[in-house]
Amino acid sequence: MSFLARHPVLRLIASPQHLWRTVSLGLKTIWLHKLRSFLTALGVVFGVASVVAMLAIGEGASHEAQEQIKKLGSQNIILESVKPPDSQGGAAETRSMVIEYGLTARDIEQIRRTVPGISIVVPSRILTEIIWNLDRKVDGQIGGVLPIYPQMRNRRMLLGRFISDLEQQERLPVCVLNQSAAAKLFPLDTPTGKSVRVRGYYYKITGVIEDETKQGGGGGGGSSSSNSTAQIFIPDTTLNDQFGETFFRYKTGGFEAEKVAFHEAVVRVNDTAQVMSRAEAIKQILTTNHKKEDWRMIVPIELLRQAERTKQIFSIVLGSIAAISLLVGGIGIMNIMLASVTERTREIGIRRALGARQADIVLQFLIETTLLAGVGGVIGVVVGLAIPIAVSHFAGVTTVVKAWAPALAFSISVLTGIAFGIYPARRAARMNPVEALRHE
Amino acid sequence: MTESQSSPIIKLVDVRKSYQMGALTTQVVQGISLDIHAGEYVCIMGPSGCGKSTLLNLLGCLDQPTSGDYFLGGKNVAHLDDDALSEVRCRNLGFIFQSYNLIQQLTVIENIAVPLYYRGASDKEMREKAERLAAQVGLSHRLHHKPNELSGGQQQRVAIARALVNDPLVILADEATGNLDSKSGQEILGIFDELNAQGKTLVFVTHDERMVRRCKRIVRLEDGVIAHDIPGGPAAPALAAAA
Ligand SMILES: Nc1ncnc2c1ncn2[C@@H]1O[C@H](COP(=O)(O)OP(=O)(O)O)[C@@H](O)[C@H]1O
Ligand SMILES: [Mg+2]
């Protein structure tokens with residue numbers, strides 16, 4: 001039993017004083033060879049730093065994608081009208097023609113009637129126009145929407161209120177500005193209660209809504225912030241009354257006319273689990289109705305799934321890089337420790353002659369490698385945390401540092417130190433004391 | 001008293017040590033039986049290569065005999081495992097080497113405390129004992145110096161303090177004065193005399209005639225066996241050489 005009580009590992013655990021003594025001996029030895037220790041730990045520093053930094057950047061990208069998708073609504077299916085590619089190239093004849101494309105009232109009606117379990121369809125129309133406040137102007141979009149629009153798209157009101165049901169029914173000339181439009185047209189005063197002008201029509205402002213989050217391309221590492229295009233929203237009924245169904249747009253070489261019934265529609269599916277099957281049903285309706293590729297469907301939940309898959313791939317790649325760099329770091333440590341064991345053969349012999357057991361020697365060297373890797377790990381975490389901050393600052397990319405990431409990277413570095421320290425430490429401990437003492 | 005006097009601190013019974021080198025077996029220690037009692041001051045002498053260091057390593061439990069028994073303080077240590085041998089070295093034996101063998105990165109006081117460290121002593125005990133022993137060998141003013149800042153004689157005094165720190169049964173030394181100039185050697189010999197006078201048991205391998213004159217007993221080895229076992233004293237060097 002006295003053997004157990006005297007076992008170096010147990011003694012280390014039982015006595016903080018003894019632990020500290022052993023650790024401080026290790027630190028002393030590391031400090032004695034500052035440059036060598038630093039160079040040895042460098043492999044671990046890079047390994048840990050890259051893990052922490054890339055985790056933060058990866059997590060940031062996925063976080064951003066998820067935020068965007070959340071804004072789009074995971075129960076939603078978004079339909080958009082797209083100008084078909086073949087109508088853009090036509091030279092002489094298209095200039096005079098009215099291009100008709102996109103979602104139609106028939107599509108919307110059919111979806112509403114035949115697809116079960118969807119609560120609402122919100123058609124909206126978007127025009128590119130110049131928006132005026134007195135002599136201040138901004139290029140922007142005017143959208144005809146339903147009063148439920150903010151809830152559907154998860155957009156918060158910053159000031160005032162959105163368009164009311166009554167205003168929509170009465171086809172009133174009221175509007176809501178987005179933040180960008182408000183900032184550009186009313187830089188100094190509150191816009192609510194005032195009016196803006198579009199093509200000679202005046203709209204009374206009832207409120208300001210936050211900017212839309214841009215949809216990242218494909219969901220994964222989509223680069224985006226908020227969409228800063230100036231927008232105003234008016235009741236869809238008002239838009240139809242005032243602008244009709246055909247819109248003209250100025251284009252290089254002449255005016256271009258296009259007729260689009262709905263630029264966008266949002267379908268909300270009651271049951272999240274049904275979103276994909278409903279999307280499939282809607283896709284079939286639209287494919288049957290449209291000969292041309294003049295519509296597009298965005299399913300946020302599918303984007304979310306894609307984002308998750310991207311994140312997964314990212315994690316695998318990251319994990320491999322981390323594993324490789326830590327492996328390299330670990331081999332570096334082992335290499336140096338083997339050299340150090342040879343160099344300190346005499347010291348090992350002395351310690352053995354003075355009563356050190358093999359376990360004492362193992363522990364001494366193991367603590368040294370662990371400290372080396374641990375110090376490398378700490379430096380690596382600090383560097384790894386600095387990189388995302390710099391990236392965020394200079395590249396404007398969102399980064400998210402999860403608390404577990406530095407902790408994980410640090411633990412792995414310590415484990416690397418232990419794993420790669422065991423062999424040199426055992427080799428040191430197993431040396432014959434007599435031969436070790438004779439070593440020059 | 002008679003009881004303790006009659007039982008030796010070291011008792012070797014037909015101890016042999018051979019080294020296997022490929023197909024070749026070298027017999028280095030070829031059947032040594034030897035009793036050493038408490039308070040003795042023994043010099044092991046003999047020509048180079050006769051097996052003195054090998055014998056001392058066996059006595060120091062750094063190595064184990066191929067056959068035979070070794071009783072240290074009444075306990076047979078010839079067949080102990082590595083951990084038990086380490087413990088015996090730690091508690092019962094003190095080593096002094098020709099080349100001092102201090103740990104370079106440790107200070108004087110830390111070097112002296114190493115055997116206490118492996119015995120699991122507290123910080124307080126380590127500090128107090130190490131300081132006391134440093135004072136005993138006259139190094140109180142060098143406690144926080146590193147070995148490379150000390151002279152050879154001073155380093156050997158640190159080694160002596162270190163050998164004494166766990167109050168061992170026996171102090172073993174291999175050519176302790178071999179690397180020292182005559183003045184430092186003289187000082188070290190003075191310390192050994194003092195220790196022996198205090199009742200410490202000393203077993204030293206040496207070529208130093210001055211040490212041979214001071215010791216109480218001379219064991220002369222030749223080809224791995226004891227050739228002579230004679231008393232030490234002023235006339236001993238001549239005697240040993242003549243024998
Ligand atoms: N580890 C070993 N392997 C083989 N032969 C050894 C070993 N150690 C010592 N010897 C041999 O044993 C003999 C005695 O060596 P040693 O005890 O060092 O002699 P001394 O100290 O008396 O000069 C020498 O011939 C030496 O070559
Ligand atoms: Mg020798």
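All chains are named by letter (A, B, ...) in the order of the sequence lines, taking the proteins before the strands, and each is independently numbered beginning at 1. Hydrogens, waters and symmetry mates are skipped; everything else that's a heavy atom, side chains included, is used. Because the structure is a prediction, the values reported are computed rather than measured.
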* To do: Flag yes if more than 12 heavy atoms outside B/K11 fall under 6.0 Å of its NZ atom; otherwise flag no.
  => no
* **Most chain A-contacting option - heavy-atom pairs closer than 4.5 Å, from B/D123, B/N57, B/N166, B/V165** => B/D123
* To do: Apply salt bridge (Lys or Arg N to Asp or Glu O under 4.0 Å) to B/D82 and A/R352, showing your working.
  => CA-CA 10 Å; B/D82 193 86; A/R352 294 282 279 136; 2.8 Å; yes
* Asked: CZ of B/F192: more than 12 outside heavy atoms within 6.0 angstrom?
  -> yes
* Structure fact -> Distance col, row B/S86:OG vs A/R351:CZ, nearest 0.5 angstrom, shows 13.5 Å
* To do: Could you walk me through whether A/R346 and B/S99 pass the side-chain hydrogen bond (donor to acceptor under 3.5 Å, both in side chains) test, one step at a time?
  => CA-CA 11 Å; A/R346 187 67 166 267; B/S99 47; 2.7 Å; yes
* Let me know if A/R344 has heavy atoms under 4.5 Å from chain B in its side chain, its backbone, both or neither. => side chain
* Sort A/Q364 into side chain, backbone, both or neither according to what part of it lies under 4.5 angstrom from a heavy atom of chain B. => side chain
* Part of B/L93 lying under 4.5 Å from any heavy atom of chain A -> neither
* To do: Identify the heavy atoms of B/R162 and A/I350 that sit nearest to each other, and give their distance.
  => NH1-CG2, 3.6 Å
* To do: Tell me, yes or no, whether the heavy-atom count around B/K124 atom NZ, taken from other residues, nucleotides or ligands under 6.0 Å, exceeds 12.
  => no
* Which bit of B/S53 is near chain A, if near means a heavy-atom gap under 4.5 Å: side chain, backbone, both or neither? -> neither
* **Residue A/H393 excluded, over 12 heavy atoms near NE2 under 6.0 Å** => no
* Structure fact -> In terms of heavy-atom pairs under 4.5 Å with chain A, the winner among B/A163, B/A84, B/S122, B/G60 is B/S122
* Using non-hydrogen atoms only, which part of B/Q104 is less than 4.5 Å away from chain A: side chain, backbone, both, or neither? -> neither
* Does CZ belonging to A/F38 count more than 12 external heavy atoms closer than 6.0 Å? -> no
* To do: Specify which of A/R21, A/E347, A/Q358 makes the most heavy-atom pairs with chain B at under 4.5 Å.
  => A/R21
* **Engaged part of B/A121 at the chain A interface, taking heavy atoms whose separation is under 4.5 Å** => backbone
* Asked: In this structure, are over 12 heavy atoms from other groups packed under 6.0 Å from B/D223 atom CG?
  -> no
* Closest approach of A/A353 and B/F97, non-hydrogen atoms and distance? -> CB-CZ, 4.0 Å
* With a 4.5 angstrom heavy-atom cut-off, which part of B/N101 approaches chain A: side chain, backbone, both or neither? -> both
* Give every residue pair that meets the salt bridge (charged side-chain N to carboxylate O under 4.0 Å, His left out) criterion with at least one member in residues 132-155 of chain B, sequence neighbours excluded. => none
* To do: Taking the side chain as every heavy atom from C-beta outward, state whether A/L25 and B/L106 have any pair of such atoms under 4.5 Å apart.
  => yes
